[in-house]
Undergrad: 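Please read through the structure below; I'll follow up with questions.
Keep in mind that what you see is a predicted model, and the values were worked out from it rather than measured. Proteins get letters first, then strands, A, B, ... in listed order; numbering begins at 1 in each.
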Amino acid sequence: MTVPFLCALTVLLTGPRLRTRHSGMLAVGGALVSCLAAWLALTQIAASGAVELLHLGGWETGLAIRLRLTPLSALLVLFTAVMHVLIGLYAAFSRQGAARDFWPLSCFLHGSLVALWLSADLFNLYITLELLGLTAVAMVALSGPSAYKPAANYLILSLTASLFYLMGVALLYGHYGALDVIVLAPLTVDDTLTRLALLLMTAGLMLKAALWPLHLWLPAAHASAPTAVSALLSGLVVKGPLFILWLLWSEVAPPALGQEVGPLLAIAGVLALLAGGWAALRTPLIKALVAYSTVAQLGYALMALGLLLTWQLPQMHIALWLFVIAHGLAKASLFLAAGEMQHTLGTRRVVSLRGATQTVPVAMFAFAVAGGSLIGLPPSGGFLAKWVLLEPLLSQPQNWPWAIGVLLGTVVAAAYVFRVVVLSFDRATITPPDTRPDRLGHWLALLPALMVWGMTLVGEQLIRLLAGGSI
Amino acid sequence: MFGNFLVWTSLLPVLMILSSLIPGLLIFATPEAASARRTFLNLLGVTTKLGLVVLMLIGVANGLEFRFVLPFLPGAPLVLQGDALSLQFVSLSSVLWMATTIYAIGYLQGSALRSRFFGYFSLCVSATVGLALAGNLVTFLLFYELLTLATFPLVVHRGNPESLRAGRSYLTYTLSGGSLLLMGTALLHSLTSTPDFEPGGYLMAFSGDHGFALQVAFVLMIAGVGVKAALIPLHRWLPRAMVAPAPVSALLHAVAVVKAGAFGIIRIVYDVYGINLSTELGLTLPLMWLAAATIIYGSLVALRQNDIKRRLAYSTVSQVSYIALGVAIAGPLAATGAIVHLVHQGVMKITLFFCAGSFTETVGIHKVQQMDGLGKRMPWTMAAFTIAALGMIGVPPIAGFISKWYLGLGALQQGYPEILAVLVLSSLLNAGYFLPMIYRGWFGPPPSVGWPSESFLQHRFETHWMLLFPALFTAALSILFGLFSGSVYSPLGWSEFIVSQEFEP
């Protein structure tokens, strides 16, 4: 965890003196080291199967800042580091690249995410959440004055959401006198105050994670950010609040309450799939299409979470995190490819992608491959997640309506991905490129998409790991 | 020694897929102008694959087992294996792929984006071979979807508004079908996990408790593969996809896509459910009538088509359903007819498409009325067309007769005389739309104003040899398959072998 923060500090201090390219190298190097550390932690925890607790400052339980390493959090730390390496490589080596201020911010983002995955204390989580939100806002603003308005909106919403969350935390602390998840878990009972606190926290988190119906800020913010930032935001940042939401409901909240709320969340998930997909189908802008598809895809995660709470099935837990990882990788590729195509063709409109298979073949291929994972075509990571989600849904005839929801989501996703792909095969009216395509950038955009299709090679290990980590 | 041997037999199925996949990927990287290198890669892939197929045929005939397993999903590994049925399909598609590749090289000479075309062309065949070798439902599903993706760029290859429309329609149908197949597969997986395909099916033990779920899964999966097999009402993408270049039509109709659908029906009914369970659950009868309706409907619509390729497309809708029909009649003789028709329809239909493409390329005609006097300008191509068309009608000794004979006998054996009536009616309709074409070609007066646009005049043959020879080759095959159907090594002999496994008690 400390590696990215150290990196951020170094980059920040040395920043003015170094060229952008060098701070980029440093940041990518930091992410690589963090990758390695995460891998070590993961293998260790997978081998021992235990949960490791680290007390910072040597205080007793309840007072100390306590970090918790579970197989899930180790996996998420690794995922975050890999994403930073991939996107960092792109930002450092593509022509479109990134501004100098990108690097310290991305390192901060990395650090706060890692802290978030490792925290098991509602107040710590608040701090990481706040850090995450502020960094993300700053990153959106990187793309210049045109992004100030969406960034400001994002800031206001993010702060409001944090406030909601903080109020919930305060209520819980006042009620139970504890904030550590492990301490709190056996204490909670189903009463009005707890309900109110959970409601406040859930609303705040859903707003931050852009979960339907609180998603309206996301497309503007993600579509106006610089390309590499959009990829980080959509691929990683929205997953942070989702993690807290999961932690809150699956560990802190009394299970009976979870069972009540679960179906509501799952229905919101299905609606997100349809509404987000529909919006992606209608929007005229490339990046907005990709951003709306995030709203839709988060619907799968929300659905898995809701059904996890309702039925307490371990498969749902696995499906949830597989979706998170598969979506992160695929979305990184989609945003990078979309950004590259926009840049090369000099326009932001979907219709301008006519003939893209000839003008920007590699970027278009990346878009299609990553899109295939969003649809859930085998053997991509998206397919793996969907398969795990479908299995318990289909085994009982009374659960089949949910499966129909998944089916509809698949069809809509196929529609908005292939809306773009079909255009790109047009040979009659080709949009001429503005600039020479940046080949390296396009290939770097393809990299995450290939990784998400490669996920199935380790699919069984992933499933086993997540199953071992299920609570 | 033994260990080596084991490795060899398990690697062979993978090599068969790679033998077209690797050349395909290399072709993508080939510059547009390097047509010699591209041709070399194409032919290298073709010959390697054929060699491997022969190797596997010999191996299976000698009792070897070819099986490759890779962990994929929990309870559903990726299994590739060569059993008798998969070999039938693999041999068919490899041989026809060879003919189509040569044809396509000739057909596309001088046009743009050939590297992209042949790249996807090879991927498409890799997916087909994977699908044929798939050892369980999940593997089948995987290659089924990959086949959709690999074919799509070929369908929209021309890139004009019309082909984009066709491409959208193709994707809408096939991806929806794919999702249904996914649902059905996942449903079965949740009941029984996914074991290997097994002659006689593996679901018998579950029929008591989960009868309804099994019925739902069957409907979902047959609808899923029925899209590619062009069962009504899921057939509409097929005639629309006719805007693609002729080699692609050949690929869609004879080598890969439609065949994949029909093959899927055979697999699901025989090797997943088993014929007994399918009948017991009351699933075969609706399928039989749906297939019969498709046969009649396809022929009726074909009769009304003026465009040669569209007429052929509707004829495919009708002919492929013979396979579904034979499967659904649920008797050994009909099953033999169905499985052998998979091959027979392939060689005959591909001949027809080769010829139709040659007509268009050589003398520039598209319509049935323009075929007058074609036999004088292009006698060899017209002869190949005639053989295949007569075979489609069911004239002995051409291959089509054999399949219809077995289907008819099978229908009587199981006590469905009305199906025999369907077959007779369909043959009459086939004659109704093929005979005028043949008549015009041989006995019509050549156009007084000359052909719309003539090419290849300076060639030694009536057209480019790469357009002519593949058609002659497949036409010869359709006669040989008919003449030597009594041999054990003919498609018929092999089909009887497959069926004997399924219907053994």
Undergrad: Name the member of B:H189, B:E145, B:H157 that forms the most heavy-atom pairs with chain A at distances under 4.5 Å.
TA: B:H189

Undergrad: What is the distance from atom CG of B:L73 to atom CD1 of A:I463, rounded to the nearest 0.5 Å?
TA: 6.5 Å

Undergrad: So, do B:M183 and A:I404 sit near enough that their side-chain heavy atoms are less than 4.5 Å apart?
TA: no

Undergrad: With a 4.5 angstrom heavy-atom cut-off, which part of A:P397 approaches chain B: side chain, backbone, both or neither?
TA: neither

Undergrad: Could you tell me which portion of B:L188 (side chain, backbone, both or neither) has an atom closer than 4.5 angstrom to a non-hydrogen atom of chain A?
TA: neither

Undergrad: Would you indicate whether B:Q215, at its atom CD, is surrounded by more than 12 heavy atoms from other residues, nucleotides or ligands within a distance under 6.0 Å?
TA: yes

Undergrad: Are B:L187 and A:L390 close enough, and set up right, to give a side chain to side chain contact (heavy atoms under 4.5 Å, CB included), and what steps lead you there?
TA: CA-CA 8 Å; B:L187 178 53; A:L390 273 177; over 6 Å; no

Undergrad: Could you have a look at A:Q396, A:E391, A:R419 and say which one has the most heavy-atom pairs with chain B under 4.5 angstrom?
TA: A:E391

Undergrad: Please state whether the side chain, the backbone, both or neither of B:L78 comes within less than 4.5 Å of a heavy atom of chain A.
TA: neither

Undergrad: So, applying side-chain contact (heavy atoms from CB on, under 4.5 Å) with B:L175, which one of A:V411, A:L377, A:T410 is it?
TA: A:L377

Undergrad: Measure B:F143 against the heavy atoms of chain A and call it side chain, backbone, both or neither at under 4.5 Å.
TA: neither

Undergrad: Look at atom CH2 of A:W443 and say whether more than 12 heavy atoms of other residues, nucleotides or ligands are closer to it than 6.0 Å.
TA: no

Undergrad: Report the option among B:P161, B:A217, B:S190, B:A213 that has the most heavy-atom pairs separated by less than 4.5 Å from atoms of chain A.
TA: B:S190

Undergrad: How long is the gap from CD1 on A:I375 to CG on B:L182, to the nearest 0.5 Å?
TA: 12.0 Å

Undergrad: Inspect the surroundings of CH2 in A:W311 and state if more than 12 heavy atoms from other residues, nucleotides or ligands are less than 6.0 Å away.
TA: yes

Undergrad: Which pair of heavy atoms, one from B:L146 and one from A:P378, lies closest together, and at what distance?
TA: CD2-O, 4.0 Å

Undergrad: Take atom CZ in A:F418; do more than 12 heavy atoms of anything else shown fall under 6.0 Å from it?
TA: yes

Undergrad: Select one option (side chain, backbone, both, neither) describing which atoms of B:S179 are under 4.5 Å from chain A's heavy atoms.
TA: both

Undergrad: Nearest 0.5 Å, please: how far is CG in B:L113 from OG1 in A:T357?
TA: 7.5 Å

Undergrad: Any side-chain heavy atom of A:F425 sitting closer than 4.5 Å to one from B:V155?
TA: no

Undergrad: Report the relative orientation of the aromatic rings in A:F383 and B:F72; use parallel for angles under 30°, tilted for 30 to 60°, perpendicular for over 60°.
TA: parallel

Undergrad: At a heavy-atom separation under 4.5 Å, does B:T172 approach chain A through its side chain, its backbone, both, or neither?
TA: neither

Undergrad: Side chain, backbone, both or neither: which part of B:Y144 has a non-hydrogen atom closer than 4.5 Å to chain A?
TA: neither

Undergrad: Measure distances from A:L407 to the heavy atoms of chain B and classify the residue's part below 4.5 Å as side chain, backbone, both or neither.
TA: both

Undergrad: For B:R116, is it the side chain, the backbone, both, or neither that has a heavy atom closer than 4.5 Å to a heavy atom of chain A?
TA: side chain

Undergrad: Examine whether an atom of B:L171 lies under 4.5 Å from a heavy atom of chain A, and if so say whether it belongs to the side chain, the backbone or both; otherwise answer neither.
TA: side chain

